[in-house]
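Okay, so here's the structure we're looking at.
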Amino acid sequence: MKDYYTFPKNFLWGAATASYQVEGYPRADGAGISNWDHFAHQPGRIENDHNGDISAAQYLKYKEDVQLMKSIGIKAYRFSISWSRVFPNGTGRINPKGLDYYNKLIDELLANDIQPWVTMFHWDMPQALEDKHGGWRSRKTVDAFGKYVGYVTSQISDRVKNYFTVNEILCFTNLGYELGVFPPGLKLDAKTVNQTVHHGCLAHGMAVQAIRANAKTKPQIGIAENLSSMVPLYETREHIDAARKAFRWNSAPRMTAMMEGAYPAEWLEHIGANAPEFTDEDMKIISSPLDFVGINIYAPTYVKAAPESKLGFAEIPMPEGYPKMNMPWLNIGPNITYWSPRFLKELWNVKGIYVTENGCAAIDKLDHDGKVYDTDRIMYLRNHFISASRAVNEGIPLKGYFVWSLMDNFEWACGYNKRFGIVYVNYQTMERTPKASAEFYRETISRSAVV
Ligand code: NOJ
C-alpha cells in the first residue's frame, strides 16, 4: 500500500498535558494554593463544581503514564510545571520538594527515551500573587515569574533542553479578567484587560531571558500560543493574501509584537485610549529571539478578500449548523494545520514551528469489549495530520506535533465533562484505557505517514 501523506523520519510526535489538568494533589508536599485551586473551590465556578484535587492523578501515576506514552511510540512529552509547588507564595521562599516531582518525571521520561518539553506557565499560579498584587494586572507578577523561571531552569536544565514560556496568553488574561470564566473571575474594563495581555507578553519575554541566563546546556525556547487560525475562503491569491493579513492583525498584541518588536500602529490606533502602558524596553524584552514557535490549533476562522475595507480582509461569520466536535467552540477545520504554519513562515520567516496542541473533545464511552472506538476523534486527527503532511512536504518548517491530550483530564471551566484524551481515564478507579485514536496515533508514528 502506498503512503500518501508522509512525514520525515525525524518529525517529532508528542503528547501534551498541563499540571492542574492532570496531576491532582495540588497542595501536596508543601505546595501553595494556586489560582485555579482557589477558583475551582468556589461554588458555581466550574461545571458540577468539579476541581483538580485528584484529576487524573498523574502526580501518583506518572510512571504508568510514561509507559503508556512509550507503548504509543510518543517521542516527546509536553507538560507544565506548577509555579505554586515551587514558590508557594509566588516569591521568596522556595519549596524544593515541589520540584522533586518534576525531577522524577523528567528522569523517568529520559530513561524511556521520551524528551521532556517543559511549559513554565500553563495558567496555574500562586494565589498569593493575585491576592497581593492583582495577578497579571501587575508587573510585580511578571517579575516574580521571571525569578521562578530562572530558578526552575537552573534546577532542570542539566537534563531538559526544550522550553515553552507561557501557554495561550489570551486565555489567562481575557478569560480571567474580561469574561470572568477563568480565575480570578473578574469582568474588568478594556484598558485593564489590555494591560494584562501586555504583562502576559512581557512575562513570555522575561522567561526567554531567564531561561537563557540560567540554562546549563544550550536551551531551545519557544512559546505555546493560540493564534486565530485563519483559512482563506478558497485557495486563490486574493483570499490567501487576505487570510495572511487577518492572521497578522489578529495576532497584533501578541505574536506580531513578539516577532516585529512593536505593536502595529494600526492596532494602537484601533484601540485608542484603551492601549496598555508600555515602554521601549518592554518591547525589546517581548521580542527576545526565539528558537521556535509553538501554536495550539483547534478551530478555523474563514476569511475573504475585502479590498473596500481599510484592512483588506473580512472575517466570514460561521454558518449556523457548521459541524463541530463536542465543544461549543470546536468547529472543524483541519486545514488550519497547514495555513497557520505557512503564515508564520511567510510573515516572519519562522524557522522552527511546532503544533503544540491539537485535538478534540468527544463523547467517549467504553464499549462492551472494554475499548473506546472514538472514530470521531480519529476523523478529526486524521484530517489535521493530512494538512500537517501537506505543510511539511511543501517545505514549511513544521517540525513536530503534540496531540492534546495524552489523556482525559480537567477541562478547566467544563470540569471532567469534556474528554480530550487519546487515553480514556476512569475517574473512579483512575484506570487508563488507550482509545482507538491512541492506536491510530501509534500506527501513524511508526509508519511516519497518516494511516
Ligand atoms: C488549550 C489549552 O491550552 C488546554 O489547556 C485546553 O485543555 C485545550 N485548549 C482544550 O480546550
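Indexing begins at 1, ligand by ligand and atom by atom, following the structure's order.
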Q. Between F402 and W117, is the ring centre distance below 6.0 Å?
A. yes
Q: Among E130, M125, Q195, find the residue that satisfies the side chain to side chain contact (heavy atoms under 4.5 Å, CB included) test when tested with W136.
A: M125
Q) Do the rings of Y101 and Y62 sit parallel, tilted or perpendicular, given the 30° and 60° boundaries? A) perpendicular
Q: Show which atoms of ligand 1 fall inside a sub-4.0 Å distance from at least one heavy-atom site of H122.
A: 2 (C), 3 (O), 4 (C), 5 (O)
Q: Examine ligand 1 and decide if any of its atoms is less than 4.0 Å from a heavy atom belonging to W329.
A: yes
Q) Side chain, backbone, both or neither: which part of N409 has a heavy atom under 4.0 Å from ligand 1? A) neither
Q: Do me a favour and list the nearest non-hydrogen protein atom to atom 11 (O) of ligand 1 with residue, atom name and distance?
A: E411 OE2, 2.6 Å
Q.
Salt bridge or not between E411 and R419? Use side-chain N to carboxylate O under 4.0 Å.
A. no
Q: Considering only NZ, NE, NH1 and NH2 on the basic side and carboxylate oxygens on the acidic side, decide whether D29 and R85 come within less than 4.0 Å.
A: no
**Q.** Closest candidate by heavy atom, reference atom 2 (C) of ligand 1, pool E225, Q21, E357
**A.** E357
Q | For atom 8 (C) of ligand 1, the protein heavy atom that lies nearest, with its residue and separation | A | Y298 OH, 3.4 Å
